[in-house]
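These notes are about the structure you will find just below.
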Amino acid sequence: QVQLIESGGGLVQAGGSLRLSCAASGIISDRNVMAWYRQAPGRTRDFVALMNPGGKTNYAKSVKGRFAISRDNAKNTMYLQMNSLKPEDTAVYYCSVSGTAYWGQGTQVTVSS
């Protein structure tokens, strides 16, 4: 059974930083394309960042240069380091295995101005 469990969300002031974690079980994260998405209230779920098995990354234009995706293969965990946060980054953040129906439950990130 595949499980993805996000953590690390919270309330932060604009300009601050957070690091999200996505602990995977039932699947080997470094053998799959792993991705982060986010969904703000009343909006669609949007792509944020991904990492492929070879370590290549891709980012949404809105977060490039501020966010960094990484993984710890020994812990089977993916991370999203978020710096220089803005109020418009407020959303529920989800991790997923790209191309599958596997999603985590989400973690709330709120950035105050």
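Just so you know, these numbers use all the heavy atoms, side chains as well, and skip hydrogens, waters and symmetry mates.
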Working to the nearest 0.5 Å, report the span between CD1 of I5 and SG of C22.
8.5 Å

Between F47 and A60, which heavy-atom pair has the shortest distance, and what is it?
O-CB, 3.4 Å

Is there any salt bridge (Lys or Arg N to Asp or Glu O under 4.0 Å) pair reaching into residues 54-78, and which pairs are they, with sequence neighbours excluded?
R66-D89

Using a 3.5 Å distance criterion without hydrogens, assess whether the side chain of E6 forms a donor-acceptor pair with backbone atoms of S21.
no

Please check if the distance between the ring centroids of Y94 and Y37 is under 6.0 Å.
no

Student check: side-chain heavy atoms of C95 and Q105 closer than 4.5 Å:
no

Over all heavy atoms of both residues, which pair between A14 and S113 is shortest? Give the atoms and the distance, please.
CB-CA, 4.4 Å

Got a donor-acceptor contact below 3.5 angstrom from the N83 side chain to the S17 backbone?
no

Please name the residue in the list V48, T107, I69 that meets the side chain to side chain contact (heavy atoms under 4.5 Å, CB included) test with L20.
T107

With sequence neighbours excluded, residues passing side-chain hydrogen bond (donor to acceptor under 3.5 Å, both in side chains) with T100:
none

F67 with M51, same ILVMFWY side-chain cluster at under 4.5 Å
yes

Consider only side-chain heavy atoms of I, L, V, M, F, W and Y, link residues closer than 4.5 Å, and tell whether L80 and W103 are in one cluster.
no

According to a hydrophobic-cluster definition based on side-chain heavy atoms being under 4.5 Å apart (Ile, Leu, Val, Met, Phe, Trp, Tyr only), do V12 and W36 belong together?
yes

Any idea which heavy atoms bring V2 and G26 closest together, and the distance?
CG2-O, 3.6 Å

Please determine whether side-chain contact (heavy atoms from CB on, under 4.5 Å) holds for the pair L18 and L85, giving the CA-CA distance in whole Å, both sets of side-chain angles, and the decisive distance to 0.1 Å.
CA-CA 8 Å; L18 283 173; L85 282 161; 4.2 Å; yes

Where the side chain of N32 meets the backbone of M34, is there a donor-acceptor pair that is under 3.5 Å apart?
no

Enclosure of Y102 OH (heavy-atom neighbours >12, cutoff 6.0 Å)
no

Check against side-chain contact (heavy atoms from CB on, under 4.5 Å), Q108 and T110:
CA-CA 6 Å; Q108 176 71 47; T110 303; 3.3 Å; yes

Apply side-chain contact (heavy atoms from CB on, under 4.5 Å) to M82 and Y93, showing your working.
CA-CA 11 Å; M82 305 187 296; Y93 284 70; 3.8 Å; yes

Using a 4.5 Å cut-off on heavy atoms from C-beta on, say whether the side chain of V97 contacts that of L4.
yes

So do V33 and P53 actually touch side chain to side chain, heavy atoms under 4.5 Å?
yes

